[in-house]
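Written out below as structure tokens is the structure these notes cover.
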Amino acid sequence: MTPAVLSTQTLTPELLRAWSWHRQGLDGSLSGKSSEDVLDHAGWARSVGGANPYLTLFARAGIRRGQVDRDVAGLRIHELPTARGCTYVLGQDDFAWGLQIGRDAAVAPFKVLARLGVERGEITLLEEQVLHTLKESSEPMDPKQLKDELGESVRSLGEEGKKKGAATTLPTALGLLQADGRIRRVPVNGRLDQQRYAYTAWSLPQSTLDDDAARARLIERYLRWTGGATLKQSQWFTGFTVAQSKAALAAVGAAEVATASGDALWMLPDDVDRLSAFTPPREEQIQLLAGTDSLVLLRRNAGDMFSDEDRGRKVLDTTVALQSDLSDHPILDRGRIIGLWQYDPTKERIAAWTFAKPTAAVTARIADIQDWIREDLGDFRSFSLDSPASRQKRIDALDAAGS
């Protein structure tokens with residue numbers, strides 16, 4: 001079936017923002033779905049010790065933290081290193097091939113160890129010792145416990161190693177074991193919004209895909225999650241070379257579509273047909289998302305989400321539309337950023353700045369998210385080292401901008 005032909009002039013930034021919003025399931029179309037379903041439809045949730053995975057699932061499907069934590073404990077979803085070696089929360093059907101995509105990144109640290117005189121055989125032996133120790137343990141073990149148990153098998157790499165980010169041989173062994181699905185990290189308190197982990201043995205069946213097929217699967221998912229992306233945007237997310245990207249795009253039959261802004265988007269044929277029949281919603285659809293939400297992060301195109309009249313907005317002398325990664329979390333309406341927010345745990349409130357006077361729908365959604373953070377999370381951290389003190393200046397700036 002030949003995909004529809006789209007008119008370049010009709011593919012305006014406004015239409016494409018609403019289209020991406022729809023493809024991300026932020027229009028209510030994922031309401032009531034499971035955590036796995038949401039991650040399959042909208043994309044893996046970036047996890048850096050922050051609260052983004054929780055808000056990803058709550059914003060799209062109303063899933064509360066208790067259910068998310070149960071899904072993690074039941075291995076229906078899990079945090080794993082995948083594209084570019086970065087950690088995302090994936091659904092269980094994606095575990096094996098998702099790890100396969102990230103395997104090269106797990107091997108890369110060994111190059112540093114090799115320059116420090118560590119042979120591959122030493123790491124292989126350490127991997128086996130770690131795995132044996134974890135299989136013998138009745139509880140998950142954190143890195144310190146493993147280091148104490150393994151003793152001299154874990155080699156210190158001295159000051160030179162510390163300078164190169166490799167204080168001992170243990171992290172490399174753990175990374176390789178995790179990339180092979182032989183061990184997995186377990187959140188110490190069962191929550192995704194922190195970075196304290198222990199490790200336990202695992203026997204994940206290996207992926208049945210070869211590397212070319214795994215790359216094609218990731219490109220298919222990525223284009224489905226985004227509704228279309230430039231070659232450069234896809235490379236940022238996947239880490240593929242130009243040759244690998246072009247081969248994967250050809251394997252899924254992706255079509256190149258010109259837009260009114262001059263960008264060329266690669267799209268799945270079915271999405272070309274869907275976009276040709278797509279009508280943006282007329283009514284407001286308000287969401288508060290994390291700055292690392294899939295809508296923003298998959299393409300790192302936050303600047304495209306501002307209307308022309310809002311592109312010059314500044315917070316702390318920084319023009320927000322010029323940032324690849326937002327310093328504050330976005331408030332959006334049908335894909336357009338209409339404001340910014342942070343959570344202030346000392347006052348249990350959201351500090352919000354909307355570029356125009358907030359409508360009743362905006363005010364109601366801010367109140368909903370504020371209540372959810374207070375009841376489910378206690379705080380909303382962007383990443384593991386985020387703290388109320390570190391974001392106070394931004395909270396004050398948003399309050400000042402909104403006053």
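Positions are given from 1, in the same order as the sequence printed here.
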Quiz item: Do the charged groups of R349 and D344 touch, with an N to O distance under 4.0 Å?
Solution: yes
Quiz prompt | Crowding at CD, E283 (>12 non-hydrogen neighbours, <6.0 Å) | solution = no
Quiz prompt | Note: R336-D304 ion pair, threshold 4.0 Å (strictly below) | solution = no
Quiz item: So, W341 side chain and L289 main chain: donor-acceptor pair closer than 3.5 Å or not?
Solution: yes
Exercise. Answer yes or no: is there an ion pair linking R221 with D94, defined by an N-O contact shorter than 4.0 Å?
Key: yes
Exercise. Kindly assign one of parallel, tilted or perpendicular to the pair W353 and F355, based on the angle between their ring planes and the thresholds 30° and 60°.
Key: perpendicular
Exercise. Keeping to residues at least two apart or across chains, list the side chain to side chain donor-acceptor pair (under 3.5 Å) pairs with something in residues 365-377.
Key: R64-E375, R64-D376, Q287-R365, D371-R374, W372-D376
Self-check item: Ion pair R391/D328, N-O distance below 4.0 Å
Solution: no
Exercise. Indicate yes or no for a side-chain donor-acceptor contact from E79 to the backbone of Y88 under 3.5 Å, with no hydrogens or angles considered.
Key: no
Quiz prompt | Carboxylate-amine/guanidinium proximity below 4.0 Å for R60 and D293 | solution = yes
Quiz prompt | Parallel, tilted or perpendicular, as decided by the 30° and 60° cut-offs, for the rings of F237 and W44 | solution = tilted
Quiz item: Heavy-atom count around R282 CZ within 6.0 Å, excluding the residue itself: above 12?
Solution: no
Practice problem: Tell me, with the steps shown, if L265 and L16 meet side-chain contact (heavy atoms from CB on, under 4.5 Å). | Solution: CA-CA 11 Å; L265 299 182; L16 292 172; 4.2 Å; yes
Quiz item: Tell me, do Y54 and D69 make a side-chain contact under 4.5 Å, heavy atoms counted?
Solution: yes
Quiz item: Thinking salt bridges, do K144 and E149 make one under a 4.0 Å N-O criterion?
Solution: no
Quiz item: Mind checking whether L249 and L223 have side chains closer than 4.5 Å, heavy atoms only?
Solution: yes
Quiz item: Could you walk me through whether D37 and S34 pass the side-chain hydrogen bond (donor to acceptor under 3.5 Å, both in side chains) check?
Solution: CA-CA 5 Å; D37 288 338; S34 70; 3.2 Å; yes
Quiz item: Do side-chain atoms of R46 reach the backbone of L298 as a donor and acceptor pair under 3.5 angstrom?
Solution: no
Self-check item: Gap between atom CG of L275 and atom CG of L11 - 0.5 Å precision
Solution: 5.5 Å
Quiz item: Should the pair D193-R191 be classified as a salt bridge under the 4.0 Å nitrogen-to-oxygen rule?
Solution: yes
Self-check item: Among L295, I286, L288, side chain to side chain contact (heavy atoms under 4.5 Å, CB included) partner for L332
Solution: L295
Quiz item: Rounded to the nearest 0.5 Å, what separation is found between the OG atom of S387 and the CZ atom of R381?
Solution: 9.0 Å
Practice problem: Report yes or no: does S384 contribute a side-chain atom to a donor-acceptor pair with the main-chain N or O of G49 at less than 3.5 Å? | Solution: no
Quiz item: Do T230 and D263 meet the criterion of a side-chain donor-acceptor pair at a distance under 3.5 Å?
Solution: no
Exercise. State whether the side chain of S276 and the backbone N or O of D273 hold a donor-acceptor pair below 3.5 Å, judged by distance alone.
Key: yes
Quiz prompt | Q100 side-chain N/O to L209 backbone N/O, donor-acceptor pair under 3.5 Å | solution = yes
Expected list for residues 105-116: side-chain donor-acceptor pairs under 3.5 angstrom, two or more places apart:
none

Practice problem: State whether R394 and D399 are salt-bridged, where the test is any N-O pair (Lys NZ or Arg NE/NH1/NH2 against Asp/Glu carboxylate O) under 4.0 Å. | Solution: no
Self-check item: Atom pair NE2/CG of H78 and L99 - distance to nearest 0.5 Å
Solution: 8.5 Å
Quiz item: Under 3.5 Å, side chain of H41 to main-chain N/O of R23, donor-acceptor pair present?
Solution: yes
Quiz item: Less than 4.5 Å apart, any side-chain heavy atom of L90 and any of E36?
Solution: no
Quiz item: Taking the six-membered ring of W202, is NZ or CZ of R182 closer than 6.0 Å to its centre and within 45° of its axis?
Solution: no
Quiz item: Looking at D396 and K393, does any basic side-chain N land under 4.0 Å from a carboxylate oxygen?
Solution: no
Quiz item: Between T318 and K314, is there a donor-acceptor pair closer than 3.5 Å when you use the side chain of the first and the backbone of the second?
Solution: no
Exercise. Would you check if the side chain of S31 reaches a backbone N or O of G28 as a donor-acceptor pair within less than 3.5 Å?
Key: no
Quiz item: Out of curiosity, D148 CG to T133 OG1, how far, rounded to the nearest 0.5 Å?
Solution: 11.5 Å
Report all side-chain donor-acceptor pairs from residues 156-175 shorter than 3.5 Å, counting only partners two or more places apart or in another chain.
unit_1	atom_1	unit_2	atom_2	d
S156	OG	G158	N	3.4
T168	OG1	L170	N	3.2
T169	OG1	R155	N	3.1

Exercise. Determine, for D325 against R300, whether the closest basic-nitrogen to carboxylate-oxygen distance falls under 4.0 angstrom.
Key: yes
Quiz item: Is a side-chain donor-acceptor pair under 3.5 Å present for W225 with Q24?
Solution: no
Quiz prompt | Q92 side chain to G74 backbone, donor-acceptor under 3.5 Å | solution = no
Quiz item: Any side-chain heavy-atom pair from I219 and R215 closer than 4.5 angstrom?
Solution: no
Quiz item: Just wondering, are more than 12 heavy atoms of other shown residues or ligands nearer than 6.0 Å to CG in D142?
Solution: yes
Self-check item: Any side-chain heavy-atom pair of R311 and F306 under 4.5 Å
Solution: yes
Exercise. For salt bridge (charged side-chain N to carboxylate O under 4.0 Å, His left out), just list the numbers for R224 and D270, CA-CA rounded to whole Å, side-chain angles, deciding distance to a tenth of an Å, and then say yes or no.
Key: CA-CA 9 Å; R224 177 156 58 84; D270 286 350; over 6 Å; no
Quiz item: Taking atom CD of Q392 as the centre, does the number of heavy atoms from other residues, nucleotides or ligands within less than 6.0 Å exceed 12?
Solution: yes
Exercise. For this output row, return yes or no: ring centroids of F380 and H329 closer than 6.0 angstrom.
Key: yes
Quiz item: Between E284 and T359, is any side-chain donor less than 3.5 angstrom from a side-chain acceptor?
Solution: yes
Quiz item: Does W236 have R84 sitting over its ring (NZ/CZ under 6.0 Å from centre, angle to axis within 45°)?
Solution: yes
